[in-house]
Amino acid sequence: MTSIKFRLNGKDVAVDLDPSMRLIDVLRDHFSLKGVKEGCGEGSCGACVVLMDGYSVNSCLLPLANVEGHEIVTIEGFKETKQFDVLQKAFAEVGGSQCGFCSPGMIIAAQSLLSHNPHPTEEEIKAHMSGNLCRCTGYQAIVQAVEIASKKGAGLW
Amino acid sequence: MQGDAYPSYSWGVNIVEVSFDPVTYQIKVDHCWSTYDVGRVVDERIAVGQADGGLLQGLGYGYLEHMGIKDGKFRNRSLSDYIIPTFEDAPPMETAFIDNPFIYGANGAKGMGELTLVGGAPAIALAIEQAIGHKVNKIPATPEYIMEVINHDKH
């Protein structure tokens with residue numbers, strides 16, 4: 001089997017696994033990155049999103065073969081950044097997390113938004129994040145958290 | 001065993017404003033206002049989060065979340081065909097708490113988690129009733145159901 005090479009959380013990795021495996025299974029089972037959550041397993045909920053070359057993608061829909069040569073960042077890698085620090089504090093400040101299952105995906109989606117649009121409007125936040133479902137917060141606090149992060153982290157993105 | 005199974009009740013009021021699209025029969029929730037008496041609020045940030053989330057679940061129950069059952073089996077097998085509210089469906093929600101410490105509760109508190117879910121569905125059903133001018137007798141009031149109600153009343 002040919003090994004598949006990609007960058008994962010800042011390190012070059014190579015894996016000898018079935019290229020048709022879902023990226024989420026590779027991340028959770030092979031690399032033990034359990035911050036990547038499986039909600040629906042079919043791209044409806046966004047709990048499993050990771051950054052692929054800076055954009056949020058559903059890792060449950062991505063075959064391993066497709067990440068060859070690309071850069072993947074999970075919540076475990078992202079938490080080492082200043083941007084994460086700002087987002088985490090903003091989420092904590094307004095209660096953007098209740099049960100917490102959607103939070104890794106929400107944070108990754110917010111990073112994907114802010115890195116391409118550092119000062120989004122409320123409508124832009126809602127439109128960009130609408131692929132991520134949350135059952136507990138009612139979303140309002142998450143929108144506020146992203147707005148706060150956008151203000152407090154001005155210049156980081 | 002003896003005891004009081006329901007030592008306290010919490011109370012709440014939900015107001016829901018909706019718009020109705022007469023072409024697609026779709027409902028948009030424009031704004032919600034809520035007030036709750038849950039004794040003393042211990043942590044307002046978490047309480048507001050529970051209130052927002054509970055209300056949005058109640059709204060979803062009232063106009064989006066249709067669970068079909070056929071031959072004893074659920075017909076919805078995923079989040080693609082069991083639709084819950086997304087960011088785009090979430091209205092602005094304003095919440096106020098009545099500070100009314102409950103003498104038998106820890107620090108004056110009463111229960112609040114489930115309460116916030118209760119009012120959303122009836123409130124949105126009644127708001128839809130007002131908006132379309134027809135009785136809504138069933139939830140979820142999906143576009144298909146609203147179309148049925150309006151067309152049935154016409155004939």
Side-chain angles (χ1 to χ4, degrees), chain A residues 37-49 56 58 60-61 88-103 105-110 112-113 120-148, chain B residues 12 14 16 28-34 36 41-62 64-65 67 74 76-97 112-117 119-121 123-124:
Chain A
K37 303 296 181 196
E38 177 158 9
C40 65
E42 56 178 34
S44 295
C45 77
C48 69
V49 298
S56 57
N58 287 310
C60 71
L61 293 183
Q88 184 191 37
K89 284 183 178 139
F91 269 67
E93 186 182 327
V94 288
S97 176
Q98 292 275 328
C99 87
F101 193 83
C102 73
S103 302
M106 288 291 177
I107 298 262
I108 292 287
S112 166
L113 168 65
T121 62
E122 188 186 330
E123 284 68 36
E124 286 171 334
I125 295 172
K126 285 185 166 187
H128 181 92
M129 308 272 292
S130 63
N132 290 64
L133 297 180
C134 170
R135 197 47 158 158
C136 321
T137 61
Y139 301 108
Q140 188 160 256
I142 299 176
V143 173
Q144 287 165 358
V146 176
E147 284 171 341
I148 290 171
Chain B
N14 298 108
V16 175
K28 181 176 175 292
V29 187
D30 296 318
H31 211 117
C32 297
W33 297 265
S34 307
Y36 303 102
V41 174
V42 178
D43 180 338
E44 186 158 345
R45 185 190 51 160
I46 294 296
V48 169
Q50 284 288 301
D52 284 359
L55 176 59
L56 193 61
Q57 277 192 32
L59 295 175
Y61 180 39
L64 284 177
E65 299 176 23
M67 179 161 276
F74 292 125
N76 315 62
R77 61 160 289 284
S78 71
L79 285 169
S80 305
D81 47 24
Y82 183 80
I83 303 297
I84 69 168
T86 72
F87 271 93
E88 300 274 29
D89 303 306
M93 291 179 268
E94 292 176 44
T95 303
F97 293 103
M112 81 152 291
E114 291 169 334
L115 165 77
T116 58
L117 194 150
I124 194 170

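Sequence lines set the chain letters: A, B, ... in the order given, protein chains first and strands last, and positions in each chain run from 1. The figures that follow rest on heavy atoms only: side chains count, while hydrogens, waters and symmetry mates do not.
Residues Gly138(A) and Met93(B) approach most closely at O-CE, 3.3 Å, considering heavy atoms. Between Met129(A) and Phe87(B) the shortest heavy-atom distance is O-CD1, 3.1 Å. Contact record, Lys126(A) with Ala90(B): NZ-O, 2.8 Å, taken as the closest heavy-atom pair. Residues Glu88(B) and Ser130(A) share a closest heavy-atom pair of CG-CB, 3.7 Å. In terms of heavy-atom proximity, Ser44(A) sits nearest to Leu79(B) at CB-CB, 3.8 Å.
Every residue was checked against the salt bridge (Lys or Arg N to Asp or Glu O under 4.0 Å) condition with Lys37(A), not counting sequence neighbours, and none meets it.
Only the backbone of Thr137(A) comes within less than 4.5 Å of a heavy atom in chain B; its side chain stays farther off. Of the atoms belonging to Pro85(B), heavy atoms from both backbone and side chain fall under 4.5 Å from chain A. The contact between Glu93(A) and chain B is made entirely by backbone atoms, counting heavy-atom distances below 4.5 Å.
Ser78(B) is not listed as a side-chain neighbour of Cys40(A), based on a closest heavy-atom distance of 4.5 Å or more.
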Could you list the donor-acceptor pairs under 3.5 angstrom formed between side-chain atoms of residues 47-62 of chain B and any protein atom two or more places apart in sequence or on another chain?
unit_1, atom_1, unit_2, atom_2, d
Gln50(B), NE2, Gln98(A), OE1, 2.8
Asp52(B), OD2, Gln140(A), NE2, 3.2
Gln57(B), NE2, Arg135(A), O, 3.0

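Heavy-atom contacts from other residues, nucleotides or ligands closer than 6.0 Å to CD of Glu44(B) number 12 or fewer.
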